[in-house]
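Predicted model, so just to flag it, every value in this text is computed and none were measured.
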Amino acid sequence: MATKIAYADVEVGTELPAQSFPVTRATLVQYAGASGDFNPIHWNEQFAKEVGLPDVIAHGMFTMAEAARVVTDWVGDPGAVVEYGVRFTKPVVVPNDDKGAVIEVSGKVAAKLDDNRVRVDLVAMSAGQKVLGMSRAVVRLA
């Protein structure tokens, strides 16, 4: 795969297309099976509340991966991401209803670096709260 974005065509402040990612309890079960993370805070409402959470919460790594999709979809090549990191600031609470939760992610180019690389800063929100802090990716462009 090759990146579809040229370094010369990108400026600081370039906005990536924002995306929304729905999360239901079924999504969490699927992710648990794929990742092997069966911590009961991600599927057992009673347990989650007993340990002080408001309800079942999405896996942090799932939330992180959904945010990264904004970058990989924009650049067209997941292999173009050379660095990625976040801080987990708030959990994504996933109620047991028809709607679940939504993770809303936006991003923009924050810096042009050497070697055709750019730093993209992401904002990930759910239920009006920022769920990831310092969410940044470094991407090598064409």
Inset, instruction - Check the surroundings of atom NZ in K90: do more than 12 heavy atoms from other residues, nucleotides or ligands lie under 6.0 Å from it? - result: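 Atom NZ in K90 is not crowded, with 12 or fewer foreign heavy atoms closer than 6.0 Å.
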Rounded to the nearest 0.5 Å, how far does [atom2] of [Y] lie from [atom1] of [X]?
X: N39; Y: H42; atom1: CG; atom2: NE2; value: 4.5 Å
X: E104; Y: Q19; atom1: CD; atom2: CD; value: 12.0 Å
X: D9; Y: K4; atom1: CG; atom2: NZ; value: 13.0 Å
X: S20; Y: E66; atom1: OG; atom2: CD; value: 11.0 Å
X: T72; Y: D77; atom1: OG1; atom2: CG; value: 9.5 Å

Count I, L, V, M, F, W, Y as connected when their side-chain heavy atoms are under 4.5 Å apart, and connections chain through other members. Are [X] and [Y] then in the same cluster?
X: V86; Y: L122; answer: yes
X: I57; Y: V94; answer: no
X: M61; Y: V23; answer: yes
X: M64; Y: I103; answer: yes
X: V10; Y: V81; answer: yes

Looking only at heavy atoms, which two atoms of [X] and [Y] are closest? And how far apart?
X: L16; Y: K108; answer: CD1-CA, 3.9 Å
X: A58; Y: L28; answer: CA-CD2, 3.6 Å
X: V92; Y: A101; answer: CG1-CB, 4.0 Å
X: P54; Y: V93; answer: CG-CG2, 3.6 Å
X: L132; Y: A67; answer: CD1-CB, 3.8 Å
X: A80; Y: V75; answer: CB-CG2, 4.0 Å

Would you say the side-chain atoms of [X] pair up with the backbone N or O of [Y], donor to acceptor, closer than 3.5 Å?
X: T14; Y: E11; answer: yes
X: S126; Y: V102; answer: yes
X: N44; Y: F47; answer: yes
X: K112; Y: Y7; answer: yes
X: R117; Y: D114; answer: yes

Inset, instruction - Under the side chain to side chain donor-acceptor pair (under 3.5 Å) rule, collect the residues that match up with K130, sequence neighbours excluded. - result: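 Side chain to side chain donor-acceptor pair (under 3.5 Å) check on K130 returns nothing, list empty.
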Inset, instruction - Using the test side chain to side chain donor-acceptor pair (under 3.5 Å), find all partners of T3 that sit at least two apart in sequence or belong to another chain. - result: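 T3 satisfies side chain to side chain donor-acceptor pair (under 3.5 Å) with no other residue.
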Inset, instruction - Name all pairs fulfilling the ring-ring contact (aromatic ring centres under 6.0 Å, His included) condition that reach into residues 8-39, sequence neighbours left out, sorted by first residue then second. - result: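 For residues 8-39, and leaving out neighbouring residues, the ring-ring contact (aromatic ring centres under 6.0 Å, His included) pairs sorted by first residue read Y31-H59, Y31-F62.
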Legend entry - Pairs involving residues 67-108, ordered by first then second residue, that meet ring-ring contact (aromatic ring centres under 6.0 Å, His included) (sequence neighbours left out):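 Not a single pair qualifies under ring-ring contact (aromatic ring centres under 6.0 Å, His included).
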Legend entry - Short N-O contact, R25 and D55, less than 4.0 angstrom: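 The answer is yes: the pair qualifies as a salt bridge.
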Legend entry - Residues R140, D115: salt bridge by 4.0 Å N-O rule: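 Yes, charged N to carboxylate O under 4.0 Å.
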Legend entry - Verdict with supporting geometry, V71 and V139, side-chain contact (heavy atoms from CB on, under 4.5 Å): CA-CA 8 Å; V71 177; V139 183; 3.4 Å; yes
Inset, instruction - Would you kindly say whether E45 and N96 are connected by a side-chain donor-acceptor distance under 3.5 Å? - result: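 Per modelled atom types, E45 and N96 side chains form no pair under 3.5 Å.
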Legend entry - Partners meeting side-chain contact (heavy atoms from CB on, under 4.5 Å) with A18 (sequence neighbours left out):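 Testing A18 for side-chain contact (heavy atoms from CB on, under 4.5 Å), a comparison that skips the adjacent residues, returns S106.
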Inset, instruction - Not counting sequence neighbours, which residues clear side-chain contact (heavy atoms from CB on, under 4.5 Å) with V29? List them please. - result: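 By the side-chain contact (heavy atoms from CB on, under 4.5 Å) rule, V29 matches no residue at all.
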Legend entry - Residue pair V118 / L113, side-chain heavy-atom distance below 4.5 Å: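 No. Closest side-chain heavy atoms not under 4.5 Å.
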